[in-house]
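Worth knowing before you read on, the calculation uses all heavy atoms, side chains too, and leaves out hydrogens, waters and symmetry mates. Numbered from 1 within each chain, the chains take letters A, B, ... in sequence-line order.
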Amino acid sequence: MGDWWTTTPVETSMGNHEISSILRVTMSPSGQNNLASMYSSLALPKSSYNVLSAFCTEDNIPQCISYINQEIASLGLSSTCMEAGSAEGASLSTVPALNAMYELLQAHRRSRCSLEELERDQLKSSSTLEHMQISNSRLKDQLELSKREKSGLHETERQLQLKIRTLQSCLKTEKDEVQKLQSIIASRASQYSHDSKRKERECTKLKERLGQLLIDKRDKKLAIDVLNYLGRSDGRRSQWKTAKMGASHEGEMYKSLLNDYEERHSALMLENAELKKVLQQMKREMVSILSPRKPCSRGAHADDSYEQAGSDREEEEEVGGPSRETLDQSCEHAKEQLTNSIRQQWRRLKSHMERLDSQASLVQTQQQQSGKEAVPREIHNEEMERMRLEVQQCKDFIHTQQQLLQQQLNSSFDDETAALLNDCYTLEEKERLKEEWRLFEEQKRNFERERKNFTEAAIRLGHEKKAFEEDRASWLKNQFLNMTPFVDRKRQSLSDSQSSALSIKSEPEVRVSYTPTQLTKSSTYATFSTPKAAHSAGVPSTAELYRTLRLIPDSSSPRHSKRGSWQESSTIQAADALVNSKHRIRYGELSIFSVGKDENSLT
Amino acid sequence: MNFSEVFKQSNQLCKISPDGKYLATCVQYRLVVRDVNTLQILHLYTCLDQIVHMEWSSDSLFILCAMYKRGLVQVWSLEQPDWHCKIDEGSIGLVSSRWSPDGRHILNTTEFHLRVTVWSLCTKAVSYIKYPKACQKGMDFSRDGCYMALAERRDCKDYVSVFVCDDWHLLRHFETETQDLAGLEWSPNGCVLAVWDSCLEYKVLLYSLDGRLLSTYSAYEWSLGVKSLTWSTSSQFLAIGSYDEKVRILNHITWKKITEFEHPATVNNPKAVVYKEVERRPTVASDDLSIHNISMGSTLFNTQSKCAAKDKETGDLRDCYFKVMLCKSKFGGKRNSFIKASPLLLWPALDEIYQPPVQIPVVKPDPDRANPKIGVSTLAFSSDSRYLATKNDSMASVVWVWDMQKLSLEAVLEHTSAVRCFQWDPRRPRLALCTGNAKLYLWSPAGCVSVQVPTEGGFQVQSLSWHCSGDSLILLGKEQLCLCYMDTDQEDN
C-alpha cells in the first residue's frame, strides 16, 4: 500500500509537471495569439483599410457605428457618444468616439498590465512548484536510503545475534570440554598417584627384600679395613649411647635454638630501639613544626577545630612526658600512648596541611579575582595583542629586508659588487684619512709644543732686549754725560755692548715673566728695533736661542753665527708670527685687535 | 694476575684443603697432594681404581677417594702417609660417599638408596640409616657440623630425620607436608631447615631445628615450581629460584616474600649495568677506544697503558672485551671513575653507550620435554650477602647480579657462550665465572673483566673454585687444571 502510495504521487507530479510545461508552452503563444488577434481585430481595419473584407466601409458606417456602440455598451462604456453621430447619419461625432477610444485604450493597457502580472505570478508559482517537486524527490530518495540502511542494519544485527548464539553454544561446548578434561586430568592424577604409590610400595618392598637378602647372605665383602683406629677429632673418647646422652642432645639442641632466638630477639630489640628513636624524633619535630604556627593561627581565626587541637596539645603534653620516660621500658601502655600521641600529632599536621592548602587555594582565587580588578584582563590582552602585532610587524620587516637583500644580491650582482667595492674603497679612504688625521693631529700637537717653547723663548728674548735697551740707554746717557773723546767712545761702546750683550745673555732665565699683552708690545718693539740691534749684535742669535732651548747641540753654534743677522730677523719674525698666531688661537676675540695692531705697527 | 703452569687431572677432581694449605688432584687412579704455594708434590697415593669422587675431611688431615663402580672407598692420611683405610660396600653398591663434618665418619649411600651406611674410623663401627630418599638434595649438614638432616620416604610419605653428628643420635623425626620432597637445606646458623617440594608443586616449608613447622610459602599453583633454593650467608634471606624465571626472596622473621627478581628478555632498568662480551682482536681495540672514548679522556689511556705494561710482565693476553653498556649517560662519569679506580678491571673497554632497553638472547625451551631448560637454576649469595648472582636456564649465557641492599638489579653479564659455572670469592664481593672457553671472567661492583688463560693447547675452563683466602682460583679444564693468582697488592690500592 505504502509503496503504491509513495510511487503514485511521483508519477502524478511528473505528469503535472509535464502537463504544466506543455500548458505553458501552449498557453503562452495562445495568449500572444489572443492578444495578436485582439490587436488584429482592432488593427486590421486600419492596416487593410481598402480591403473588401474590412470591418468598416463607406457603406456600412452606421452598422459599424451601431455595432461598435453595442460592443462598447457591452463593455460597459457609455455608448451615447456614438448615438449622437448616428442620428446624423454617416458622420461620426469625433469627441465621444475619441473618448471611447481613449477609454478602450486605457482598458487595454490595464488588461495588459494585469496580464503581465498574472504571467509573472504564474512563473513564480511554477518555479516554486518545481523547487518543491525537486525537494520532494530528494527527500523521497533520502527516505529510501535510510530505509535501505535500516534493513541492512537489521540484517547485520540478525547475523551478529546468530553468531553470538553459535559462540555461546561453542563456549558451552568448550566449557563442557574443559570440565571433561579436568575430570580426566583429576582421574588421571589420582590414578597416577595411586600407581606411583603402588610402585613405590613395591619398590620399598623390593628394597627391604634386597636388604634382607644382603644381610642374610652375610656379604663377605662388606668390610672396613683400617690400619689403626683414629682418635676423635675433638680428642675425646667415644661415648656409649644412653638415655642421658639423648637428653644432653636435646638440651644442646634447645640451647642452640634458644641462643638463636636470643640473638634474634636482641637484634629485634636493637632495631626496635632505633625505630623508637626515629619515632620520637619525628614526634618532636612534628611538635616543633606545629607549635610555632599555633599563635598565629589562634590570632587569625579561633575556630572550633583549633580549640580541639589546643586541648589535644595539652593532652599530648601530658602524655608526652610519661611516654618519654616509659619509652625504655617498652611496656604496652606506653606504646599505646606513644602511638596515640603520634596519631594525634599526625592528624593535627594533616589538618594543618589541609588548612594551608585551602588558604593557598583561597589566596589564589583571591589573587585571581583581585588581579581581574587591578589589571583588567582586557587591557592585558590588548597589550599582549599589540605586542604580538608589533613583533609580527618587526618580523615582517626583517623578512622583507632579508628578501630585498637577497633579491639585490641575486639580481644585480656586478653592480652590487661594484657598489660594495666602492664602499670598500671609500672605507679604505676613510681609514687612510683617519690615519692621516691622526698623524696630523700628532704633528699639530708637536707644533703646539714647539710653539709654546718658542713663545717662552721669545718672552725671554723680549725681556733680555728690554734689559739691553735699558742698559744701552743708561750707557748712552753715561757716554753723553761723560763726553769722552769720540774714537775712544766708539771703540768702547762696541766692546762694551758686546760684553754687556754677553753678560746679559748669560742670565736670561732670571728675568721675571711678563703678561701676554706686554709681551706683544715688546715683540713689536723688537721688530722695530732689530735693524739697530743687529748692528749692535746685542740680540742673541738663533743658534743661541736654539741652544738655550736645547734644540741643537752646542758644537754647531759657530756655523750659525756666520749668518746670524738674517736668521736672527727671520726667527724673530717667525717668533712674532707664532706669537700672533698663538694669540689668535688663545684669545679668539682679541686676535683681530692684536693683528690689526701688528699691521699698524708694521706699516 | 698470574697463572701457574698446567697440571693434569681427571674427572675434574681437584680440591683445595679446607685450611687452604694443600691442593689434592686426582689423575686416573692416583691422588696427588701438592703445596698450594709452591705446587710441589708432597704426597702421592695410588688407589685401586680410577677415582670418581674425592673429598677432604674438615680438618684437612684425610682425603676420601671413592670408586663407585667397585663400591670402594679409600681414605688417605696426610700426617701418616703409610696409614690407609679401605671401605668396601660389597655387592650392595655405592652411589655416593661423603665425610661427616667431624672428619671421622664416612657416609655411604648405597645403590637404589637402600640405606646410608655410616662408617666410623674411630671405632670401626657401622650403622645404617634406612629409607633415605633419592632426590635433588636429600642430605645436609648444618654449617657448624652438629646436625644432619636426612630426607626419608616411608609409606609414600616424606619424613625428615635430624641426627646429631656427634654420635648419630636421632634427634628428631617428623613428617613433612610435601607431595614429593625434592630437597632440604639448613640455614647457615643451623636453626632453620628449608624443605622444598618437587617441581610439580611450588611449596617451600621451613622447619625449626626441633621439628616445628615455622612457615609455608607457595607463590603459585598449577605450574612448575621451585628449581633452586639458597640461603644467604647471614641466614637473613632465603632465595628461591623457580620455573617462572623469577627469584623470590623471603625474610627470616616473618618468612614472607620481600621482593621478587624477574629475569626479563629486555632489561629496562636504567640503573643496571649491562656488560656484553664481544670477540675482538687486540690490535683493533686501542683504535676503537680512541674513537669511542674521547669523552673519557686520558684516564682510560692511563689505565690502558698500565695494563699494557702489566701485560708484558705477566704475559697475559686479553683479547676479549666487554662492551660496557651504560644505560644512563649520567652514570657515565661515575662508572668511568669506578673503572679507573678499579683494581679488578684490567682492561675495560667502553665501546658504546647503549640506551635501555637491552635485549638479551633467549632460547625457547621445548615444552614437551621433561625438565625444560627454563627457570632459575643457580643462585649464589656473595660472602657478605650483599649480592646475589642468578642464572636463568633459558638465558644460559647471562648471569644476573642483584644488589640485596637496594633489592634491585645491579648488573647483567652477557657472554658469547653459555655460563658453565660461577662462584663468589669467599672473602670479597667478587664473582668468578667461566663459559667453557679459554677465558676467566670476573665481576665486582667496580666493573667486569675477562682474562685469557695463557696456556698452550686450548685450555677450556669448565669449572672453577676459589681458594678459601680468595687470593687464588683453581681453573679446571677437561683434563687439566691451572691456578690463577689474584693481584693482592693491586687490590689493596
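Residues L268(A) and I253(B) have side chains in contact (heavy-atom distance under 4.5 Å, counting atoms from C-beta outward). Here the side chains of H249(A) and F163(B) are not in contact, with every heavy-atom distance at 4.5 Å or above.
Atoms OG and CG, from S193(A) and D180(B) in turn, are 12.0 Å apart once rounded to the nearest 0.5 Å.
In the displayed structure, H173(B) atom NE2 is contacted under 6.0 Å by more than 12 heavy atoms of other residues, nucleotides or ligands. Crowding of E202(A) atom CD: a count of heavy atoms from other residues, nucleotides or ligands under 6.0 Å exceeding 12.
The contact between S120(B) and chain A is made entirely by backbone atoms, counting heavy-atom distances below 4.5 Å. Neither the backbone nor the side chain of L206(A) comes within less than 4.5 Å of any heavy atom of chain B. Contacts between E263(A) and chain B at a heavy-atom distance below 4.5 Å are absent for every atom of the residue.
Taking every heavy atom of both residues into account, K207(A) and H113(B) meet most closely at NZ-O, 3.8 Å. Scanning all heavy atoms of the two residues, the minimum distance from E200(A) to C156(B) falls at OE2-CA, 3.6 Å. Nearest heavy atoms, D260(A) versus C191(B): CB-SG, 3.2 Å. Across M253(A) and Y147(B), no two heavy atoms sit closer than the pair CA-OH, 3.3 Å.
Using a cut-off of 4.0 Å between Lys/Arg side-chain N and Asp/Glu carboxylate O, E250(A) and R172(B) are scored as salt-bridged.
Heavy-atom pairs under 4.5 Å with chain A were tallied for C85(B), G190(B), S235(B), A125(B); the largest tally goes to C85(B). When L171(B), N189(B), I106(B), V73(B) are compared by the number of non-hydrogen pairs under 4.5 Å with chain A, L171(B) comes out ahead.
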